[in-house]
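To start, the structure under review is shown below, and the notes come after it.
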Protein chains: 2
Amino acid sequence: MNKTVTTDMKRASQLLKLLGDQTRLTMMKLLQSHDCCVCEFVEIFKMSQPAISQHLRKLRDIDLVKETRRGKWIFYSINEEHKDYPFIQGILEHLPEQDELVTELEAQGLRICCE
Amino acid sequence: MNKTVTTDMKRASQLLKLLGDQTRLTMMKLLQSHDCCVCEFVEIFKMSQPAISQHLRKLRDIDLVKETRRGKWIFYSINEEHKDYPFIQGILEHLPEQDELVTELEAQGLRICCE
DNA sequence: CCATCATATAATTATATTCTTATGTGTGCA
DNA sequence: TGCACACATAAGAATATAATTATATGATGG
């Protein structure tokens with residue numbers, strides 16, 4: 001048996017389907033280096049707040065991300081304890097950094113900071 | 001810049017969407033160890049021939065697989081020259097072997113052999 | 001304790017996906 | 001040369017997905 005096996009085919013295809021959306025995939029890549037709150041994502045993706053919320057919900061429903069309230073905002077972060085996180089991580093490693101998106105936010109003064 | 005970057009976000013999400021289907025994902029995993037023809041997939045997945053054909057078409061449309069005619073059959077195989085093959089390979093490595101499916105076929109005498 | 005801000009949920013619509021059935025195409029063999 | 005087999009394509013229906021608009025929730029700060 002292959003030691004790198006971490007998941008069965010059904011779970012794997014469900015995970016890949018979730019990542020098979022440019023918005024969610026970029027969210028996950030971004031979250032690897034920066035926790036973000038919903039309103040930041042709204043700015044970054046130029047998408048309505050409910051649309052963002054719904055993408056985050058899908059990621060949360062299978063525990064890929066967790067949420068933490070900080071002041072008025074709810075910050076999302078990667079759940080590194082997820083059983084399939086090594087699998088996800090392997091995928092994200094192949095993708096270009098998306099830090100630029102956060103840098104732009106900061107330049108516009110839209111980055112949320114909770115002391 | 002990250003040396004492991006192989007693809008941009010749009011292409012990556014398209015690839016992941018294609019793999020985000022259990023049938024296609026299993027096809028890809030299977031093809032890593034065995035070339036297969038359409039009628040074998042029909043048996044393996046207990047799915048109609050047009051349904052199989054359509055899945056294979058999607059994989060072929062982005063050049064993930066290639067086809068070769070051998071006698072009456074058209075065999076599909078992985079296109080290892082694909083620009084994103086290392087990315088795909090990284091994903092498939094995490095999945096359990098699917099050889100059993102082919103073994104079963106052989107046991108039923110349904111495996112196609114061309115001399 | 002009330003108003004506001006950030007976020008979530010619901011309902012709806014538009015579009016994409018995946019299957020089925022029907023039919024077309026092309027190769028090999030009688 | 002024509003029939004049968006393997007496969008592809010087309011058309012249509014059922015379902016899933018992802019957006020929008022409208023509304024609800026819930027914490028915070030005044």
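In what follows, chains are A, B, ... by sequence order, proteins preceding strands, each numbered from 1.
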Which nucleotide in [options] has an atom nearest any side-chain atom of [X]:
X	options	answer
A/Arg69	D/dT17, D/dA27, C/dA8	D/dA27
A/Pro50	C/dT21, D/dA22, C/dT7	D/dA22
A/Trp73	D/dC7, C/dA6, D/dT17	C/dA6
A/Cys37	D/dC7, C/dT7, D/dA19	C/dT7
B/His55	D/dA18, D/dC5, C/dT18	C/dT18
A/Cys39	C/dT9, D/dC7, C/dT7	C/dT7
B/Ser53	C/dT7, D/dT9, D/dA18	D/dT9

Decide yes or no for B/Tyr76 and B/Arg60: does some side-chain heavy atom of the first lie under 4.5 Å from some side-chain heavy atom of the second?
-> yes
Determine whether A/Leu31 and A/Cys36 make a side-chain contact, defined as any pair of heavy atoms from C-beta on separated by less than 4.5 Å.
->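 When only atoms from C-beta onward are counted, A/Cys36 and A/Leu31 do touch, with a gap below 4.5 Å.
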Polar contact flag, side-chain donor to acceptor under 3.5 angstrom, A/His94-B/Asp84 |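 Distance-only check fails for A/His94 and B/Asp84.
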So what does A/Gln22 touch, heavy atoms closer than 4.0 Å: a base, only the sugar-phosphate, or nothing?
-> nothing
Within the structure shown, what part of the strands sits under 4.0 Å from B/Phe41 by heavy-atom distance: base, sugar-phosphate, or nothing?
-> nothing
Starting from [atom2] on [N], measure out to [atom1] on [X] and report it in whole angstrom.
X	N	atom1	atom2	result
B/Lys17	C/dT15	NZ	C1'	11 Å
B/Phe75	C/dT27	CZ	P	17 Å
B/Asp61	D/dT9	CG	P	9 Å
B/Met47	C/dT17	CE	C1'	13 Å
B/Ile52	D/dA8	CD1	C1'	13 Å
B/Lys66	D/dC7	NZ	C1'	20 Å
B/Gln49	D/dA8	CD	C1'	7 Å
B/Lys72	D/dC3	NZ	P	17 Å

Below 4.0 Å: OP1/OP2 of [N] and any side-chain N or O of [X]:
X	N	answer
A/Arg60	C/dA8	yes
A/Arg57	C/dA8	no
A/Arg24	D/dT17	no
B/Lys58	C/dT18	yes
A/Tyr76	C/dA8	yes
B/Ser48	C/dC19	no

Per the side chain to side chain contact (heavy atoms under 4.5 Å, CB included) rule, which among B/Lys58, B/Arg24, B/Met28 passes with B/Leu64?
->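 Between B/Leu64 and the candidates, side chain to side chain contact (heavy atoms under 4.5 Å, CB included) is satisfied uniquely by B/Met28.
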Does B/Gln54 make a side-chain donor-acceptor contact with the base of D/dA8, cut-off 3.5 Å?
->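 Under the 3.5 Å cut-off, the side chain and the base do not form any donor-acceptor pair.
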For the pair A/Asp21 and B/Lys17, find out whether any cationic side-chain nitrogen is under 4.0 Å from an anionic carboxylate oxygen.
->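 Answer for the salt bridge query: no.
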Please determine if A/Lys29 and A/Glu97 form a salt bridge, counting it only when a charged side-chain N lies under 4.0 Å from a carboxylate O.
->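 Yes.
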